[in-house]
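After the structure tokens below, expect a handful of questions from me.
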Amino acid sequence: MKRNPLAHVRGMNDLLPDETFHWQKIESVARDVFHRAGYREIRLPLVEEAALFIRSIGEVTDIVEKEMYLFDDRNGDRLALRPEATAGCVRAVIEHHLGREGVQRLWYTGPMFRHERPQKGRQRQFHQIGVEVFGISTPDLEAELLLLTDELWTALGLTGLTLEINTLGTTDERSHYREVLLDYFTPHRGELEPDDARRLDRNPLRLLDSKSERTRALLEGAPRLIDSLGPDSRAHWERVLELVTATGVSFRVNPTLVRGLDYYTQTVFEWTSPALGAQSAVCSGGRYDNLVEHLGGSPLPAVGWALGIERLAALVPAHRPKGPDAVVIPVGARAEAVCLALLRDLHRLLPGRQIESSLGAGSLKARLKQADRTGARRAVIVGEDELMRGVVQVKTLVGERRTDFVPRAELVEYLVGAAGRADSSVEDRR
RNA sequence: GUGGACGUAGCUCAGCUGGUUAGAGUCCCGGAUUGUGGAUCCGGUUGUCGUGGGUUCAAAUCCCACCGUCCACCCCA
């Protein structure tokens, strides 16, 4: 078959209501953690000039070379769906001169787009939550950002993640090391697997985290990145280690950790989980002191990280939504108008409560069954009998079976009292 | 982009080496209870067997192609 032209685009998935609840939970926890730490939200466009990403992420990266969604605007501009948000964030900081207003602690969330082959934990439209801080060059910022991630995991009830950190030094130090590494590996070029030979040509640093046995063996005798660092970078790195240690966040130094994006300098880090399969990185980032200047702004140091919401959502224990406090069920046509008025009043007078309606066709039995399945605490039933008596029937669905007939005017009062009376014990049982 | 596995009810899957009307569980709907939930029992609906072509008296089953999904490589959140 030709593919169904009306089906979803490959790698761009629907998030159904069962999942959105889980996501909302994650997002609200993150929002709260950020707010408490003084981070403010920035909302950025999904589309930017393609050149912005090419210049920031790097020309010889996979993201730029083969993964970007590119298109020409009607006026001929070369645009791209953002593959990540740091570039756009830096652009916004430069464009609005945010650097002049002192330190900026920013966070963002939203979809990113990369044309990759989908697999577990990897889709073409994926979602990130990220943080960028501008204006602090000292290593205490790295510690703060790592602490922030750790606080987030705690707030989400997430355990079992491991943190690895490394330093890449300044741009100059790194390109020096690149040459050193190139000199070391070039005589062994013939021994490398095709993928690694390609890395040698394109981005020798990527050899450091090669999975190939052969390459790993060669790496044993290779010059180390740390030896290419000057005194300033070393001091910065030592201080990062000291401060992160002091925060109590446990980590491992991984000298082979190199990030794929060109703009990183000094500290880089990555949180991973063994539960995610091949795409194990949950959250990663690092310092990028040159990027603002590189993109045309006045020099401004920065550190940031981003986490993949899909990957995080796969790890965070699922929160089941709790059922509604009450479901209002009309029986018969005459009761429908009364129930709608009842809903309106309940929503207005009990703003904290979740009160749903049970409308449409279907027997009372089926609706009670449905209400029970959603975990509703009470059913408020209005039928002919109740209409004649001016009451509503309130049936407790959780815990003890109990049915009360309540004068319509006293329903709000009853529900307020019922919450104190029954819900706490009910809560425990669920 | 490369490799492998897999596409059968809304969902999870069975259907062996081709053989009559394609099954189970679940979900949904109804009944046992003329307007009263969770358990049980009874009944019912649900399918272009991914698509197209080929082999055959006969294809969900075998062959080919395409589409899609998943997993891994690559890359990365």
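Numbers restart at 1 for each chain; the letters A, B, ... are given by sequence-line order, proteins then strands.
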- Rounded to the Å, how far apart are A/Glu384 CD and B/U34 P? 17 Å

- note: A/Leu368, atom CG; B/G35, atom C1'; distance rounded to Å ~ 9 Å

- Message: Taking any heavy-atom pair under 4.0 Å as a contact, classify A/Thr403: base, sugar-phosphate, or nothing.
- Response: nothing

- Task: Using the P atom as the reference point in each nucleotide, state the distance between B/G47 and B/C62 in Å, no decimals.
- Result: 25 Å

- Query: Does the distance from a Lys or Arg side-chain N to an Asp or Glu carboxylate O, for A/Asp325 and A/Arg378, drop under 4.0 Å?
  - Reply: no

- Task: Using the P atom on both, measure B/C16 against B/A59 and round to a whole Å.
- Result: 16 Å

- Is the closest basic N to carboxylate O distance between A/Arg174 and A/Glu179 below 4.0 Å? no

- Task: Could you measure between the two C1' atoms, the one in B/A14 and the one in B/G7, and give it in whole Å?
- Result: 15 Å

- Message: Less than 4.0 angstrom from a charged side-chain N to a carboxylate O is my criterion; do A/Glu48 and A/Arg82 meet it?
- Response: no

- Salt-bridge criterion met for A/Asp196 and A/Arg189 (N-O under 4.0 Å): no

- Message: Ring centres under 6.0 Å, that's the criterion: do A/Tyr39 and A/Trp107 meet it?
- Response: no

- Can you tell me the distance, in whole Å, between the CD atom of A/Glu386 and the P atom of B/U36? 12 Å

- Message: Over all strands shown, is A/Ala366 touching base, sugar-phosphate only, or nothing at heavy-atom distances under 4.0 angstrom?
- Response: sugar-phosphate

- Query: Roughly how far apart, to the nearest Å, are B/U20 and B/A32 at atom C1'?
  - Reply: 37 Å

- Is the ring centre of A/Tyr69 less than 6.0 Å from the ring centre of A/His115? yes

- Message: Say we look at B/G19 and B/A58: how far apart would their C1' atoms be, to the nearest angstrom?
- Response: 7 Å

Enumerate donor-acceptor pairs with a distance under 3.5 Å from any side-chain N or O in residues 148-162 of chain A to protein atoms, sequence neighbours excluded.
residue: A/Thr149; atom: OG1; partner: A/Leu146; partner atom: O; Å: 2.5
residue: A/Thr149; atom: OG1; partner: A/Trp271; partner atom: NE1; Å: 3.0
residue: A/Thr154; atom: OG1; partner: A/Asp150; partner atom: O; Å: 3.0
residue: A/Thr162; atom: OG1; partner: A/Thr272; partner atom: OG1; Å: 3.2

- Query: Quantified in whole Å, what is the C1' atom distance between nucleotide B/A9 and nucleotide B/C66?
  - Reply: 25 Å

- Answer with base, sugar-phosphate or nothing: what part of the nucleic acid does A/Glu65 contact at a heavy-atom distance below 4.0 Å? nothing

- Query: In B/S/- notation, 5' to 3', how is nucleotides 72-77 of chain B contacted by protein heavy atoms closer than 4.0 Å?
  - Reply: BBBBBB

- Per the 3.5 Å Watson-Crick/G-U criterion and a run length of at least three, the stems involving RNA chain B are B:1-7 with B:67-73, B:10-13 with B:23-26, B:28-32 with B:40-44, B:50-54 with B:62-66

- Query: Do A/Glu142 and A/Arg287 meet the salt-bridge criterion of a basic N to acidic O distance under 4.0 Å?
  - Reply: yes

- Query: Which whole number of Å gives the distance between the P atom of B/G23 and that of B/G43?
  - Reply: 16 Å

- Note on the structure: Note: for A/Lys395 and A/Gly11 on RNA chain B, the residue whose nearest nucleotide lies more 5' is A/Lys395

- Message: Say we look at B/C6 and B/U61: how far apart would their C1' atoms be, to the nearest angstrom?
- Response: 15 Å

- Message: Under 4.0 Å between a side-chain nitrogen and a carboxylate oxygen: does that hold for A/Arg43 and A/Glu41?
- Response: yes

- Query: Under 3.5 Å, is there an N or O donor on one side and an acceptor on the other linking the side chain of A/Lys365 and the base of B/U36?
  - Reply: no

- Task: To the nearest Å, give me how far apart CG (A/Asp14) and C1' (B/G10) are.
- Result: 15 Å

- Query: Are A/Arg259 and A/Glu270 close enough for a salt bridge, meaning some N to O gap below 4.0 Å?
  - Reply: yes

